[in-house]
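These figures come from a predicted structure and were not determined experimentally. Atoms within a ligand are numbered from 1 in the order they appear, just like the ligands themselves.
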Amino acid sequence: MDFELTQEQKEIQRASREFTQREFDKEKIFEWEETHAFPREIWKKACQSGFIGIHFPKEYGGRGAGVFENVLIVEEFCRGDSGVGVALSLADFSSEVVLRFGTSEQKKKYLIPIAKGEFISAGAYTEPDHGSDLTMMLTTALKQGDCFVINGAKTFTTNGAIADFFIVLCQTNPYAKPSYRGQSTFLVEKETKGFTATELGEKLGIRMTSTAQLSFNDVKVPLTHLLGEEGKGFYQVLEFFDESRIEIAAQALGIAQGAFDRALDYAKKRMQFGKRLVDFQMTQHKLADMATKVETVRLLTYKAAWNYDLKRLDPKLTSMAKMFAGKTAVEVTDEAVQILGGYGYLSEYEVERFYRDAKITEIYEGTKEIQKNTIASALIGKLK
Ligand SMILES: Cc1cc2nc3c(=O)[nH]c(=O)nc-3n(C[C@H](O)[C@H](O)[C@H](O)COP(=O)(O)OP(=O)(O)OC[C@H]3O[C@@H](n4cnc5c(N)ncnc54)[C@H](O)[C@@H]3O)c2cc1C
């Protein structure tokens, strides 16, 4: 067993850390947070530097790296700033469905522009009435001549109002038994007639991302916009989650580490009762607990990524990493706010944003309860 990063991985980690130190401008971050704007400037530079889509093969604009390298970048970006980090890491959301199941033409058309910083992608799975349970979709895509006609609604779509194209899970056979065997995924471009995206209201955190409701009203897409095989959409999405959940664990890891860094730094400087906060044993123990939790998440997340890159699918391990990382991010950011006291409650001191941004990692890409179900069913056998 070797816990050492390779030279190339160390280089990617160093480059992404330096990128955040150089490009994450605090004033602009406050402005984007305030106006709920996607950090477009930094995103363009991140693409130019080869960070976005690093895990795409070279022929599709990437560097042929693995999920592990992507995890290192996401961790550093979210450590640098939770809001910007999450927004950047989700800019290519769901592109892995195209990567894995798309034709060579589809990959060229959609992946290369993502890596170049010309396209933002989105994955639309959740519906108003179907969140955790994706086995039945009310959004239908029915074949009519040389196209599929999509009708229905999706909700909570990240990048909904800013994406150039969407991967949409639809019911192509409403009579299939079980229903999930009648699902397929499609590529839908933002300008397609009958398609609209409406931003949802204010949200607790990740305010630099768009979260939208999508509406499909007789949206016609050519047959060539079907991804992979008809009837396999549900399986494709589950396979995608095996990878994307590791990335969410990396977001949580970076957010927790970033909050810890700020709390440690503050505790070394803040004087009370004639001592620095770090001189109180209570603070020392809090910091020790936080650092231990963060390191545990790092080990689990890195192992899940390493395992994935070896093509050993293990949804149990992925769910363990995602569940534990989310829980830890919420706990560690909470403690960071506590260590900063009243200042922790102010936006200026940043940890309140990390605290708000952490919570989503326990909800999207499958809630912590759903992760627990996945872990339990792997341990016990299929749950009823
Ligand atoms: C900011 C944001 C961004 C998002 N981005 C995307 C996106 O890009 N694409 C997308 O498709 N979706 C996205 N989502 C949706 C997200 O994945 C869902 O919100 C999540 O899967 C839960 O679905 P739900 O909200 O319908 O809750 P529900 O499924 O209604 O669950 C409500 C509660 O019941 C629990 N529960 C449900 N079923 C079970 C069960 N079997 N056992 C135990 N507990 C259970 C859940 O854990 C949860 O606590 C996003 C959500 C948010 C808030």
Side-chain angles (χ1 to χ4, degrees), residues 33 36 38 78 82-83 85-98 120-139 152-171 180 183 185-188 190 197-216 227 233-234 236-241 243-245 247-249 251-252 255 319 322-323 326-327 329-330 353 356-378 380 382-384:
E33 175 76 8
H36 300 192
F38 179 73
C78 291
S82 56
V86 167
L88 294 185
S89 83
L90 294 174
D92 64 350
F93 182 62
S94 259
S95 55
E96 293 84 2
V97 180
V98 182
I120 289 174
S121 55
Y125 311 113
T126 306
E127 298 189 343
D129 293 333
H130 296 91
S132 300
D133 180 8
L134 294 179
T135 54
M136 176 69 194
M137 296 281 96
L138 292 182
T139 302
K154 295 285 174 181
T155 195
F156 288 126
T157 309
T158 296
N159 299 333
I162 59 167
D164 297 276
F165 72 94
F166 300 78
I167 289 109
V168 188
L169 182 64
C170 302
Q171 201 71 34
Y180 55 82
Q183 295 180 358
T185 49
F186 292 90
L187 288 156
V188 177
K190 68 172 175 185
T198 313
E199 191 67 48
L200 293 171
E202 297 266 319
K203 52 189 188 283
L204 176 71
I206 62 163
R207 293 186 176 168
M208 293 176 224
T209 66
S210 151
T211 311
Q213 170 114 5
L214 311 183
S215 160
F216 301 83
L227 276 164
F234 180 75
Q236 294 171 350
V237 173
L238 287 194
E239 254 194 63
F240 159 65
F241 283 163
E243 177 174 349
S244 65
R245 285 174 178 168
E247 202 177 313
I248 305 300
Q251 288 179 1
I255 292 172
S319 286
K322 202 242 173 210
M323 180 184 75
K327 177 173 146 35
V330 170
R353 188 168 65 258
R356 290 187 289 102
D357 289 341
K359 184 62 192 170
I360 193 61
T361 62
E362 288 197 312
I363 297 174
Y364 60 13
E365 298 292 290
T367 61
K368 61 181 168 185
E369 291 79 13
I370 295 301
Q371 306 311 321
K372 215 169 256 191
N373 285 347
T374 304
I375 299 163
S377 74
I380 303 163
K382 199 167 167 46
L383 302 175
K384 296 222 162 131

- Query: For Thr126, is at least one N or O under 3.5 Å away from an N or O on ligand 1?
  - Reply: yes

- Item | Under-4.0 Å heavy-atom contact between protein and atom 34 (O) of ligand 1 | no

- Can you find an N/O atom of Glu369 closer than 3.5 Å to an N/O atom of ligand 1? yes

- Mutual orientation of the aromatic rings belonging to Tyr125 and Phe93 [parallel < 30°, tilted 30-60°, perpendicular > 60°]: perpendicular

- In chain order, what residues pass the ring pair (Phe, Tyr, Trp, His ring centres under 6.0 Å) check against Tyr364, with sequence neighbours excluded? none

- Query: Counting only non-hydrogen atoms of the protein, does one fall under 4.0 Å from atom 40 (C) of ligand 1?
  - Reply: yes

- Across all chains, not counting sequence neighbours, the side-chain contact (heavy atoms from CB on, under 4.5 Å) partners of Ala87 are Phe38, Pro39, Met208, Thr209

- Does Lys368 have a heavy atom less than 4.0 Å from any atom of ligand 1? no

- Task: Please examine the side chains of Val86 and Ile255, heavy atoms only from C-beta on, and report whether any two atoms are closer than 4.5 Å.
- Result: yes

- Would you indicate whether the side-chain heavy atoms of Ser244 and Glu96 approach each other to under 4.5 Å? no

- Item | Thr157-ligand 1 polar pair, N/O distance under 3.5 Å | no

- atom 47 (O) of ligand 1: which of Thr211, Val168, Leu204, Thr367 has the nearest heavy atom? Thr367

- Note on the structure: of all protein heavy atoms, closest to atom 24 (P) of ligand 1 is Gly131 CA, 3.9 Å

- Query: Does any N/O atom on Thr155 come nearer than 3.5 Å to any N/O atom on ligand 1?
  - Reply: no

- atom 28 (P) of ligand 1: the protein heavy-atom neighbour that sits closest, reported with distance to 0.1 Å: Ser132 OG, 3.7 Å

- Message: Polar contacts were defined as any N/O atom of the residue lying under 3.5 Å from an N/O atom of the ligand; does this apply to Lys203 and ligand 1?
- Response: no

- Item | Contact atoms of ligand 1, heavy-atom distance to Glu365 under 4.0 Å | 17 (O)

- Message: If we ignore hydrogens and angles and just use 3.5 Å, is the side chain of Ser215 paired with the main-chain N or O of Ala153 as donor and acceptor?
- Response: no

- Note on the structure: among protein heavy atoms, the one nearest atom 52 (C) of ligand 1 is Ile360 CD1, 3.7 Å

- Any side-chain heavy-atom pair from Asp357 and Gln251 closer than 4.5 angstrom? no

- If you have a sec, work out which protein heavy atom is nearest atom 20 (C) of ligand 1 and how many Å separate them, to one decimal? Ile363 O, 3.8 Å

- Contact summary for Val98 and Ile167, nearest pair of heavy atoms: CG2-CD1, 3.9 Å

- Supply the atom-to-atom distance Phe234 CZ to Thr185 OG1, rounded to the nearest 0.5 angstrom. 13.0 Å

- Query: Any chance the side chains of Thr139 and Glu127 put a donor and an acceptor closer than 3.5 Å?
  - Reply: yes

- Does Glu365 reach the side chain of Glu247, with side-chain heavy atoms less than 4.5 Å apart? no

- Query: Quick one: does atom 30 (O) of ligand 1 have a protein heavy atom under 4.0 Å from it?
  - Reply: no

- Message: If we set the cut-off at 4.0 Å for heavy atoms, which region of Lys154 has an atom near ligand 1: side chain, backbone, both, or neither?
- Response: neither

- N/O separation below 3.5 Å, Ile370 to ligand 1: no

- Item | From Val330, Ile248, Thr367, residue fulfilling side chain to side chain contact (heavy atoms under 4.5 Å, CB included) relative to Glu362 | Val330

- Distance-only N or O hit between ligand 1 and Asp133, under 3.5 Å: no

- Query: Using a heavy-atom cut-off of under 4.0 Å, does the side chain or the backbone of Asn373 touch ligand 1, or both, or neither?
  - Reply: side chain

- Item | Geometric N/O contact Phe156 with ligand 1, under 3.5 angstrom | yes

- Count the heavy atoms of every other residue, nucleotide or ligand shown that sit under 6.0 Å from CD of Glu202, and state whether that count exceeds 12. no

- Check whether any side-chain heavy atom of Arg207 sits under 4.5 Å from a side-chain heavy atom of Arg356, and report yes or no. yes

- Note on the structure: Nearest non-hydrogen protein atom to atom 9 (N) of ligand 1, with distance, is Gly123 O, 2.8 Å

- Query: Any idea which of Thr158, Val237, Leu200, Leu214 brings a heavy atom closest to atom 5 (N) of ligand 1?
  - Reply: Thr158

- Message: Heavy-atom distances under 4.0 Å decide this one: backbone, side chain, both or neither, for Leu90 against ligand 1?
- Response: neither

